[in-house]
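For reference, the structure is listed below as structure tokens.
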Amino acid sequence: MHSSLFRSRFFFALAAAFCATLFPVSSHAADAAAAPVTPAVAPVADGVESSVVKIFTTTRYPDVFKPWTKSAPQEISGTGVIIEGHHILTNAHMVLYGSQIQVQANQSGEKVSATVEAVAPGIDLALLKVDDATFFDGHPALPRAAKLPDNKDSVLVYGYPTGGNNLSITKGIVSRIEFASYNNFTDGLRIQIDAAINPGNSGGPAVVDNKMIGLAFSKLGGADNIGYIIPDEEIDLFLNGIKDGEYAGKPTMFDELQTMENPELRPFLKIDKSVHGIIVNDPFGKDANYPLKKWDIITKIGDTAVDDEGMINYGNNLRLEFQYLIQNIAKDGKVPLTIVRNGKEMNVQLPVMPDRPLLIPALSGKYPSYYIFGPMVFTTATAEFVQEIGGSRSSTMNYLSFIGSPLVTRRGDPPAFPGEELVVVSSPLFSHKLVLGYEKEPVSWVVKSVNDIPIKNLNQLVQVLNDSKDEFLKFTFDGLGLETFVFPRQAMKDSTDDILSDNDIRAQGSPDVMEALKKGK
């Protein structure tokens with residue numbers, strides 16, 4: 001391990017998060033590629049097959065550039081496993097944006113409708129319930145292991161990968177266990193196995209000694225025979241987290257850290273060789289009362305020593321990032337740390353939270369908010385919107401960088417004040433006489449002000465547009481060299497219904513925006 005593992009987690013986690021959300025089959029597909037194991041080679045655990053189900057999902061992903069609609073339906077399939085409480089466990093990416101979900105038991109010709117009871121996109125887990133309780137007759141819950149497996153343990157992976165319709169059973173060994181990034185700034189334990197992971201086996205159980213050790217969920221792109229399992233410990237945290245309602249997430253610290261491996265850091269920090277730990281490079285909290293400061297050295301988490309690479313020794317000869325212990329010892333939103341500051345040791349209570357506040361957040365399974373007024377469509381900037389620009393419209397991203405758009409300059413920032421959002425024009429202007437003479441399409445432009453009123457968020461923009469009594473509406477945008485759009489206010493308002501009708505758009509705004517507008521009046 002080296003210091004690059006502690007560089008800004010934002011940019012690493014962001015790219016992984018959006019690929020998982022938008023392209024679940026290709027980015028988080030799971031199956032072992034080895035040939036099916038025969039009983040003579042690796043005996044199949046009695047009853048495991050009856051606990052494994054195939055999942056069929058019809059998905060309607062968001063269309064971030066046309067937020068009033070959804071992308072065309074896509075059919076995907078994967079795997080799930082029956083667990084205690086008459087529930088089915090699978091990966092979140094298998095069911096996010098699912099308009100219809102069905103499950104089919106092994107050796108059955110019947111598909112049963114299912115719904116999502118809880119979902120955690122960050123750790124890629126989802127819990128399903130079926131409409132017909134008799135589905136579980138003859139299909140028991142699969143027992144789960146009480147502890148992590150050991151390296152070199154033989155593991156069987158069950159699922160429905162592409163290439164066939166019947167249940168596939170493949171074999172591998174546990175290669176390593178580590179604490180690593182999942183999605184949306186979520187870190188967790190991860191088991192690596194030496195069997196490749198392919199589309200269709202997402203959500204299938206991995207079994208050691210007749211007990212499930214976790215779910216298959218991803219593979220290392222560009223590498224052979226490196227697949228990943230979400231272990232039972234992470235599954236238990238998810239299941240315990242939803243007992244009182246909606247899953248809130250895992251406690252996490254968002255401070256930027258760097259290792260203390262460079263020998264010149266010790267004389268710079270005025271510490272001797274007896275001090276070991278990880279350096280705080282950029283504290284997450286900026287106020288004076290925040291417990292961590294730049295150049296603090298975290299030497300212990302709880303009672304466990306942290307080494308110069310930010311690692312701890314844990315359990316069965318495991319060496320993990322020290323942040324792993326946060327999910328085990330955090331209490332009331334805080335975790336105890338021992339630090340060295342200016343050569344003096346002290347104890348602090350670090351606040352931890354499940355979500356990193358971001359000005360440009362991920363949708364995390366929701367559809368984008370929007371509002372149509374005259375020929376313009378406004379939406380809130382999301383991580384998926386920016387990701388799509390960077391992927392399919394890379395020239396637009398280069399242009400946004402050149403003009404200094406906040407979509408680029410503030411991509412990793414937290415909100416500057418409560419409720420701050422970036423409001424962008426999501427789509428080309430609708431065809432209408434009002435737009436004649438404007439040379440540039442304002443797609444992805446960030447709205448700076450309307451009639452010189454600074455725009456703070458989408459709901460405020462909507463209120464400004466509807467409360468205005470001015471003859472004209474003047475839209476200015478944040479960036480160099482962007483046109484200012486001016487429209488007659490009443491004509492813009494009067495054109496809205498015709499534009500909606502001409503373009504077969506059912507609603508002027510998303511339900512949340514229309515509800516806020518109603519309350520605002």
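Just so it is clear, the values below take in all heavy atoms, side chains as well, and ignore hydrogens, waters and symmetry mates. Here, residue 1 is the first one in the sequence, and each next residue gets the next number.
- Residues passing the side-chain hydrogen bond (donor to acceptor under 3.5 Å, both in side chains) test with Y247, sequence neighbours excluded: none.
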Using a 3.5 Å cut-off and no angle test, enumerate the donor-acceptor pairs between side-chain atoms of residues 65-74 and protein atoms at least two apart in sequence or in another chain.
unit_1: S71; atom_1: OG; unit_2: Y61; atom_2: O; d: 3.3
unit_1: S71; atom_1: OG; unit_2: P62; atom_2: O; d: 3.3

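- Remark: N151 pairs with no residue by the side-chain hydrogen bond (donor to acceptor under 3.5 Å, both in side chains) rule, at least two apart or across chains.
- Residues passing the ring pair (Phe, Tyr, Trp, His ring centres under 6.0 Å) test with F135, sequence neighbours excluded: H139.
- Scanning for ring pair (Phe, Tyr, Trp, His ring centres under 6.0 Å) contacts around H432 gives an empty result, with sequence neighbours left out.
- For E117, the side-chain hydrogen bond (donor to acceptor under 3.5 Å, both in side chains) partners at least two apart in sequence or on another chain are H87.
- With sequence neighbours left out, N166 forms a side-chain hydrogen bond (donor to acceptor under 3.5 Å, both in side chains) with no residue at all.
- With sequence neighbours left out, the ring pair (Phe, Tyr, Trp, His ring centres under 6.0 Å) criterion links F378 to F475.
- For S510, the side chain to side chain contact (heavy atoms under 4.5 Å, CB included) partners two or more places apart in sequence, or in a different chain, are S369, Y370, D512, V513.
- Listed by first then second residue, pairs satisfying salt bridge (charged side-chain N to carboxylate O under 4.0 Å, His left out) with a partner in residues 419-430 read R410-E420, not counting sequence neighbours.
- Applying the side chain to side chain contact (heavy atoms under 4.5 Å, CB included) rule to S99 yields the partners T58, R60; only residues at least two apart in sequence or on another chain are considered.
- Ring centers of F179 and F322: at least 6.0 Å apart, outside the cut-off.
- In this structure, the side chain of Q323 does not engage the main chain of T252 through any donor-acceptor pair within 3.5 Å.
- Applying the side chain to side chain contact (heavy atoms under 4.5 Å, CB included) rule to D132 yields the partners V112, T134; only residues at least two apart in sequence or on another chain are considered.
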